[in-house]
Asker: 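The following block contains the structure, expressed as structure tokens.
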Amino acid sequence: MKTPKNHILVIFGASGDLTYRKLVPAVYDLYDKNMLPKNFAVLGLGRTELSDNQFRRKMEEGIEKFALNNTGSALKSKIDTFLQKLYYYAFNTKEEQEYAGFKDKLLALDKELGTENNFIFYLATPPSMYTTIPCHLARQGLNNEDEGYSRLVVEKPFGYDLESAQQLNESLFRNFRERQIYRIDHYLGKETVQNLLVTRFSNTIYEPLWNRNYVSRVEITSAESIGVGSRGGYYEGSGALRDMVQNHLLLLASLVAMEPPALIDSNSIRNEIVKVLQSLRTIKEEDVAKQVIRGQYINSTVKGKKVKGYRQEEGVDPESRTETYVAIKFFIDNMRWGGVPFYIRTGKMLPTRVTEVVIHFKPTPHHLFSSHATIAQQQNQLVIRIQPDEGLLLKFGMKVPGAGFNAQNVNMDFHYTDLADVYLPSAYERLLQDCMLGDSTLYSRGDAVEAAWKFVKPIQDAWKNNKDIKVHGYPAGTWGPDVADELIEGSDLTWRYPCKNLANDDKYCEL
Ligand code: BG6
């Protein structure tokens, strides 16, 4: 296992939630597994005045709550030693003149700890700071790589629309090169998302069928059972299209659809991803109402409890038209996928939390066995479960025992939990480790982000320009607007309505 070079991880926005819940716990998990270099520090930055000690106490709490490796008898002393690697410096990151003081602090720490001028700058701040901070860093020469490396990690959202994403890229490129920029999409950090590539490209049985000749449609669902909670203010200006589709879902679609890369390296894989995104057929503004369904959850009773509608959530306009659900039908215009519909949907306050990809194979050309079965029943399906109950499920026809030749779909399933002693790192742990190693394979490249925004643009425009396009209300705790089923081509066909457990169907379903 490679160990990263000595370095300092500088976190902008260190007094925020992301640092507390995700970043520092993930760094601790790396430390726990001896994956950090000998000389290493986290330097937290923020406007809130905190001493090193106060920062350490707060992070200790975060580690205890959110780190994965937070059990065991040696824990307390291990956390204590780790906490000594955390430092904090308060300053106003908006003000250019304050950066000289920050630079002095950083270089003094670098000298003291022997971190060899290698710095990762992680922007865990509101997006409005994504242009300001890199610019001020560059004025101090901190983008320079003459003596060590300088990397910049940018959290989502990367832009608000195509134009702002282009402007953000341009602004970053003024001072940093593409290879220094790490745009995070935490879905790529998920083991099961990476496994999509392994499933496809390390087995001979799937790849020959993975195309328009054998696949009738592809379905991707990312459902959440929670609402917007305390994030109403952010979500109101975002909506499901920006929050989930432009990034996570289009990325999943790209991994399902991409060609095999020449090599497993950053450029080869990212080249293939971008090719898919550039091949997405533009949905014309006038077709948006037909191909895109949006919805918003309304108050309801879920499992006996009354739950608020979106418009009653804190920070939300009582007349809001922001979508908390979106379903899209689209096509990928290339040789492999020409004519195959792709369906993606995501929503908040749906019956269960589940993310999965379903490959629906075409039925056999001649239906020998099941004259009464519906088309759906005659189709093989491969379900790739991203979360929870991570695994794979293949549905195929078997003979019903007894007289005659009747076929019935049965399940063959694999669950990650069956791999005993396998530790699934958190997405942030994996991604931070990669950035420390200088591997950007699992980060989004600038051209891919722009291509995804380009696809989303006519949908945004249509919703802005045509107020007649409906926002369907759906009761919290249901699968979203009924009309979403009408998107699916073919009589009798609907979305798959998954349960929490991968292989549960036609039976008791735990939500
Ligand atoms: C984030 C979105 O990017 O992804 C959230 O901003 C969403 O709204 C989250 O809840 C979902 O991530 P996961 O890993 O829980 O599927």
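Counting starts at 1 for both ligands and their atoms, in listed order.
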Asker: Who are the ring-ring contact (aromatic ring centres under 6.0 Å, His included) partners of Tyr20, not counting sequence neighbours?
Answerer: Phe66
Asker: For this output row, return yes or no: ring centroids of His7 and Phe40 closer than 6.0 angstrom.
Answerer: yes
Asker: Could you pull out every protein residue that has a heavy atom closer than 4.0 Å to ligand 1, ordered by chain and then number?
Answerer: Lys156, His186, Tyr187, Lys190, Glu224, Arg231, Asp243, Met244, His248, Lys348, Arg353, Gln387
Asker: Check each of Leu36, Leu86, Ile11 against Val27 using the side chain to side chain contact (heavy atoms under 4.5 Å, CB included) test, and report the only one that passes.
Answerer: Leu36
Asker: In Å and rounded to the nearest 0.5 Å, what is the NZ to CD distance from Lys329 to Glu486?
Answerer: 12.0 Å
Asker: Looking at every non-hydrogen atom in both residues, tell me the closest pair between Met244 and Ser222 and how far apart they are.
Answerer: CE-OG, 3.3 Å
Asker: Strictly by modelled atom types, are Arg496 and Gln381 linked by a side-chain donor-acceptor pair under 3.5 Å?
Answerer: no
